[in-house]
Peer 1: 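Following this message is one structure expressed as structure tokens.
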There are 2 protein chains.
Amino acid sequence: MVSINDIAKEAGVAKSTVSRYLNNGSVSLKTKAKIDEIVKKRGYKPNTFARSLKAQKTNMIGVIIPRLNSPSTNEVLSGIDAKAHELGYQLIITNANQDEKREIEDIYALAKQKVDGIIFLAKSITAEHREAIKNIELPCLVLGQYSKDIPSIVHDDHGAGRKIAKHALTLRHKYFLYFTVSSEDKAVGQDRYNGFIEEIDKEEGTRVRSVETSFIMQEAYQTAINELKNLKATFIVGATDTIALAVMKAASELGLSVPEDISMAGHGGYDLLSFVTPALTSIKYPYYAIGEMAVDTLENMILKKEVAQYQVVPNELVVRETTQNI
Amino acid sequence: MVSINDIAKEAGVAKSTVSRYLNNGSVSLKTKAKIDEIVKKRGYKPNTFARSLKAQKTNMIGVIIPRLNSPSTNEVLSGIDAKAHELGYQLIITNANQDEKREIEDIYALAKQKVDGIIFLAKSITAEHREAIKNIELPCLVLGQYSKDIPSIVHDDHGAGRKIAKHALTLRHKYFLYFTVSSEDKAVGQDRYNGFIEEIDKEEGTRVRSVETSFIMQEAYQTAINELKNLKATFIVGATDTIALAVMKAASELGLSVPEDISMAGHGGYDLLSFVTPALTSIKYPYYAIGEMAVDTLENMILKKEVAQYQVVPNELVVRETTQNI
DNA sequence: AGCTATATTGGAACCGGTTCTATTTCAGTG
DNA sequence: CACTGAAATAGAACCGGTTCCAATATAGCT
């Protein structure tokens, strides 16, 4: 690999001159031309490591995600990627595989890589997370979950739950079945559900049965098969779109038709699911936009500007084909 | 940030001793204990950059992907991630956003980052790609597409096409409609289609109409709406599962039922789509496994071992609910 | 031409590690 | 107790850049 020394030698100048040529450019036209030529001829690329060593800045952002094969994560990543590219950051994406131990490991690993900052998509923030983040002394932003002490950007999950509830009440439904996930996941497991309940409870004569299931579709499907066997509800909510899809599959196999027999709604708003039949009524979360916001906010943290401790982004209800009047 | 010098000074030894302590460990028990203590107390972590600078090795693998929001890409990434983690590599994932210029940029960017090797998921390999890869002089592996000169791992797309054809012929279908994608994408646009045709042509009295559409579901849906209006075929194939899904949506809106009026098949085998109703008959590609293979192969390239120029991985037909006898 | 202000340049130090060589320490041996 | 060989350690050089400072070249002005 050709180094700055080779270039300097061949051009007959000091390496500091070449360095200046590469950066601020206070170099005479003549030398510039000469170096230009040699750099091109030899295909010289500065070594990022040597650079980072001195600069104490790598222009890299670390992203920790819980899993790779989730539509929402991928939308967020797309947004992060687009904005990072725009601002000149490289991304190091690590997949913690839903394992808290790996999340902690990854925080330290990214710190060793000397990333300029970390975006952390977590399902929950524990004391250990908080400690690791404190230890590494690096700008760190949490996405999707609220966390005290650490700046975070979250969806309005509570409001989303309320929107679905209001929609269902407008359609005059009274009996509800709600497939939720572990309350460990505060945003998806608690906030969405609480928002829903809060609104439903305002109406008299309503009843909600809730069942905990999993993000894994096969498991959600099994739960649904059991639940739907003697069903009282006329309106079913899934904590995510994929759960709702699994429930719809179960319903179809048990001979229940959507939306004639039961209405269904989910959370997510993935494009893919607008193509299933019937198309799912759902909350559309601005995943891509939240990814972009995250990078913007993180950059401000890196530049030591003031940032909001807590940003909430709104979402919207998209009524499609799975909900109807009772 | 505490450095090796701080540790050395505090322990009253030379920094070379601390370095030895960190690596091969030829250090007396007494000094070891002393350094141990100080390292722990100060929370010292060696600087990866300084290390890489000397070592000329970063333990990082660069991955270039065409887009983040594709189910197959994400499965592949999961496999890559798992194996990379196992072998002690960090991943730098860059999203080229289906833009050839960005792919080339990313190749050079990753080289500058001094990754140890690159895994490249491309839709097609042009001369420019080949040149960039040659220039950077780094181990580089192409996934999903064949490329001369560069080691590659590909799916048996041709065989997949044949499997669907055989299945369709067994069900006694004669008239086919095939939604393909641009032939620029050799694996998806050409091989799958050619394999299909090859097998269909062996049967007399068959006819295939093929239409080019896009990976974008909305566009595939539009194409399908136009095509299905006066449909002769009884069996429709999508070059990907998502295309097939878009076609099914169009069919449903035009009052055609699957599989009673038409049979449908796709390529992909995504879990998600086994939950739509009716569940799609499809070729299941071992995306996760191919990701793992890629890392294994790349590591061998990094270690300068001999690797196969060209590996083909088999796939299987999963018959579900969208295909039936005519 | 002579002087000053400014632009350009070279040299050295530095970032935080690793590694080579030379030196010191120390235990074991006759 | 002197001698030998091995183990432990210190010191210096190096990886490939950036940056500071001093030295030199150039331009502009009287």
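Since this is a predicted model, take the numbers as computed values, not measurements. Reminder, nothing fancy here: chain letters follow the sequence lines and each chain counts from 1.
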Peer 1: Rounded to the Å, how far apart are Phe49(B) CZ and dC14(D) P?
Peer 2: 24 Å
Peer 1: Is there a side chain to side chain contact (heavy atoms under 4.5 Å, CB included) between His155(A) and Ile290(A) once you walk through the steps?
Peer 2: CA-CA 8 Å; His155(A) 292 287; Ile290(A) 212 179; 3.6 Å; yes
Peer 1: Taking CD from Glu10(B) and P from dG16(C), how many angstroms apart are they, rounded to a whole number?
Peer 2: 16 Å
Peer 1: With distance as the sole criterion, do the side chain of Ser16(A) and the base of dG11(C) form a donor-acceptor contact below 3.5 Å?
Peer 2: yes
Peer 1: Between P on dA7(C) and OH on Tyr21(A), what's the gap in Å once rounded to a whole number?
Peer 2: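 Distance check: Tyr21(A) OH to dA7(C) P gives 21 Å.
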Peer 1: For dG17(D), take OP1 and OP2 only and decide whether either is under 4.0 Å from a side-chain N or O of Tyr44(A).
Peer 2: yes
Peer 1: What integer distance in Å separates Asn23(A):CG from dT19(D):C1'?
Peer 2: 10 Å
Peer 1: Describe the nucleic acid contact of Val18(B) in one word from base, sugar-phosphate, nothing, applying a heavy-atom distance below 4.0 Å.
Peer 2: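 Nothing, no heavy atom under 4.0 Å.
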Peer 1: Let's see if you can work this out: which of dG16(C), dG17(D), dG10(C) has an atom nearest to the side-chain heavy atoms of Ser3(B)?
Peer 2: dG16(C)
Peer 1: Taking atom C1' of dT9(D) as reference, at what distance in whole Å does atom NZ of Lys32(B) sit?
Peer 2: 16 Å
Peer 1: Could you tell me whether the side chain of Asn69(B) and the main chain of Ser78(A) form a donor-acceptor pair under 3.5 Å?
Peer 2: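 Checking the backbone N and O of Ser78(A) against the side chain of Asn69(B), no donor-acceptor pair under 3.5 Å is found.
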Peer 1: Among dT9(D), dG16(C), dG11(C), which is the nearest nucleotide to the side chain of Val27(B)?
Peer 2: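 So the side chain of Val27(B) is nearest to dT9(D).
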Peer 1: Report yes or no: does Gln145(A) contribute a side-chain atom to a donor-acceptor pair with the main-chain N or O of Ala187(A) at less than 3.5 Å?
Peer 2: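 Pair found, side chain donor or acceptor close to backbone of Ala187(A).
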Peer 1: When you check the phosphate oxygens OP1 and OP2 of dT18(D), does a side-chain N or O of Arg20(A) lie under 4.0 Å from one of them?
Peer 2: no
Peer 1: Just the rounded figure in Å: distance from P of dG17(C) to CG of Leu22(B).
Peer 2: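 Checked: the CG to P distance equals 8 Å.
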Peer 1: Kindly indicate, with the supporting measurements, whether the criterion salt bridge (Lys or Arg N to Asp or Glu O under 4.0 Å) is fulfilled by Lys123(B) and Glu100(B).
Peer 2: CA-CA 9 Å; Lys123(B) 64 175 205 307; Glu100(B) 186 182 319; over 6 Å; no
Peer 1: Treating His129(A) as the side-chain partner and Thr126(A) as the backbone partner, does any N or O pair qualify as donor plus acceptor under 3.5 Å?
Peer 2: yes
Peer 1: Go through dT9(D), dG17(D), dG16(C) for me and flag the one nearest to the Leu53(A) side chain.
Peer 2: dG16(C)
Peer 1: Consider the side chain of Ser28(A), meaning its heavy atoms from C-beta on, and name the nucleotide among dT18(C), dT18(D), dT9(C) that approaches it most closely.
Peer 2: dT9(C)
Peer 1: To the nearest angstrom, how far is Lys54(B) atom NZ from dC20(C) atom P?
Peer 2: 8 Å
Peer 1: Which listed nucleotide (dT19(D), dT8(C), dT9(D)) is nearest to the side chain of Ser19(A)?
Peer 2: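 Of the candidates, dT19(D) comes closest.
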Peer 1: Could you tell me how far apart Ile4(B) (CD1) and dA10(D) (C1') are, to the nearest whole angstrom?
Peer 2: 13 Å
Peer 1: Looking at dT19(C), dC15(D), dT9(C), which one has an atom nearest to any side-chain atom of Thr17(A)?
Peer 2: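 Ranking dT19(C), dC15(D), dT9(C) by closest atom to the Thr17(A) side chain puts dT9(C) first.
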Peer 1: Verify the distance criterion only: is there a donor paired with an acceptor across the side chains of Asn300(B) and Glu306(B) at less than 3.5 Å?
Peer 2: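 Asn300(B) vs Glu306(B): no donor-acceptor pair found between side chains.
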Peer 1: Does dT9(C) have OP1 or OP2 under 4.0 Å away from a side-chain N or O of Thr31(A)?
Peer 2: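 For dT9(C), OP1/OP2 do have a side-chain N/O of Thr31(A) under 4.0 Å.
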Peer 1: Considering heavy-atom distances to DNA chain C, does Lys30(B) or Pro46(B) have its closest nucleotide positioned more toward the 5' end?
Peer 2: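 The residue closer to the strand's 5' end, by nearest nucleotide, is Pro46(B).
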Peer 1: So, OP1 or OP2 of dA7(C): does either fall under 4.0 Å of a side-chain N or O from Ser26(A)?
Peer 2: no
Peer 1: Establish whether the base of dG17(D) is bridged to the side chain of Lys15(A) by a donor-acceptor pair shorter than 3.5 Å.
Peer 2: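 It does, because a donor-acceptor pair links the side chain of Lys15(A) to the base of dG17(D) below 3.5 Å.
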